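Note that the structure is a prediction, hence the values are computed from the model and not measured. Computed from heavy atoms alone, side chains included, the values below leave out hydrogens, waters and symmetry copies. Both ligands and their constituent atoms are indexed starting at 1 by order of listing.
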Amino acid sequence: MITIKSNREIELLRIAGNIVHETRMYLIPFIKEGITTKELDTLAEDFIRSKGATPSFKGLNGFPATICASINEEVVHGIPDDRHLKNGDIISIDIGACYKGYHGDSAWTFAVGDVSPKKEELMLHTKESLFEGLKQVKPGNRIGDVSHAIEEHAKKYNLGVVRELVGHGVGTSVHEEPDVPNYGKEHTGPILKEGMCLAIEPMLTLGRRDICILDNDWTIVTEDNSPAAHYEHTIVVTKDGYEILTGGIDG
Ligand code: MG
Ligand code: MG
């Protein structure tokens with residue numbers, strides 16, 4: 001069932017989303033060559049708890065950490081560990097926070113030092129595809145309109161669109177109905193209505209779209225080892241468009 005949120009619920013979702021955004025902003029100065037993803041995870045968890053919230057992902061289906069930290073060919077669900085970030089890496093950091101029972105969910109991809117022009121382009125066009133999808137969010141449009149806009153933008157730049165993982169509704173659970181795929185046909189799927197809360201999250205690759213899962217049973221990587229980028233915002237559908245709950249165009 002796709003739920004329509006009340007004004008009171010939207011206010012709590014706004015607070016949760018803002019905590020996610022603030023956590024990302026807090027982490028940015030630390031995302032540098034030499035730091036480990038485990039250190040970033042500890043910083044994020046302490047920050048989220050200092051705001052009176054809890055990490056949404058920790059313990060979710062057994063996930064062991066606060067953030068997902070996915071480096072280079074890792075698409076999503078990278079588990080923070082003792083690896084040090086290196087110059088030239090790209091890292092996507094996915095953050096979830098729960099405030100008074102309501103969640104925010106947002107991911108962003110960052111360059112560590114100087115990255116190749118190809119990786120720069122991948123990041124730029126993946127971010128653009130998120131906002132191309134968002135342009136389609138308004139009451140009366142359908143999920144397929146969002147999906148199609150993301151896919152078309154990715155195709156324009158010959159990027160692979162990961163299909164097995166999708167965006168989703170957000171509320172008292174971090175993953176609710178409906179699914180929001182990053183590919184699809186216009187004028188198909190559920191109709192968007194004011195008060196729906198959605199996480200929209202394109203995951204694009206510099207190579208083929210095929211993925212596989214590592215032996216840790218969590219981390220998704222590209223099968224051809226090409227780099228991947230991931231951008232995600234939680235939004236609420238408004239009377240004539242949408243409101244981003246987890247930041248803005250720059251993160
Ligand atoms: Mg996420
Ligand atoms: Mg999500």
Side-chain angles (χ1 to χ4, degrees), residues 2-3 5 13-14 16-28 31 37 40-41 44-45 47-48 53-71 74-80 90-99 102-110 123 126-127 129-131 133-134 137 143 146-147 150 161-183 190 196-204 211 213 218-221 228-237 242 244-248 251:
I2 305 174
T3 57
K5 272 68 180 183
L13 287 159
R14 200 176 272 131
N18 191 48
I19 292 169
V20 170
H21 179 234
E22 286 183 335
T23 307
R24 175 162 57 241
M25 294 298 124
Y26 170 71
L27 288 182
I28 287 175
I31 304 172
T37 49
L40 291 172
D41 189 67
E45 178 166 4
F47 187 87
I48 288 169
T54 51
S56 298
F57 306 149
K58 199 166 192 177
L60 182 67
N61 302 318
F63 190 75
T66 291
I67 61 170
C68 300
S70 309
I71 301 171
E74 297 174 355
V75 183
V76 287
H77 303 166
I79 298 177
I90 58 172
I91 178 171
S92 88
I93 296 185
D94 198 342
I95 302 170
C98 180
Y99 182 79
Y102 287 82
H103 294 269
D105 183 10
S106 180
W108 213 257
T109 303
F110 300 94
M123 290 194 294
T126 308
K127 184 173 91 165
S129 76
L130 167 61
F131 286 89
L134 286 175
V137 176
I143 294 286
V146 178
S147 305
I150 292 170
V161 180
V162 173
R163 292 182 167 226
E164 292 82 352
L165 298 137
V166 296
H168 49 91
V170 181
T172 52
S173 299
V174 67
H175 297 131
E176 296 187 350
E177 287 180 47
D179 283 352
V180 186
N182 296 307
Y183 64 95
M196 284 182 183
C197 185
L198 304 170
I200 297 173
E201 50 178 316
M203 291 153 249
L204 305 184
I211 55 166
I213 189 160
W218 273 108
T219 309
I220 306 286
V221 297
H230 179 207
Y231 289 81
E232 173 183 32
H233 270 316
T234 299
I235 61 100
V236 62
V237 182
Y242 62 90
I244 301 175
L245 304 180
T246 46

Side-chain ([X]) to main-chain ([Y]) donor-acceptor, under 3.5 angstrom:
| X | Y | value |
| --- | --- | --- |
| T109 | H230 | yes |
| T234 | D105 | yes |
| D41 | T66 | yes |

- Query: Hey, is there an N, O or S on H175 sitting under 2.8 Å from the Mg ion (ligand 2)?
  - Reply: no
- D105 near the Mg ion (ligand 2) via N/O/S, less than 2.8 Å: yes
- Tell me which N, O or S atom of E232 sits nearest to the Mg ion (ligand 2). OE2
- Salt-bridge test for E176 and K5: reply yes if a basic N is under 4.0 Å from a carboxylate O, no otherwise. yes
- How wide is the angle at the Mg ion (ligand 2) between OE2 of E201 and NE2 of H168, to the nearest 10°? 90°
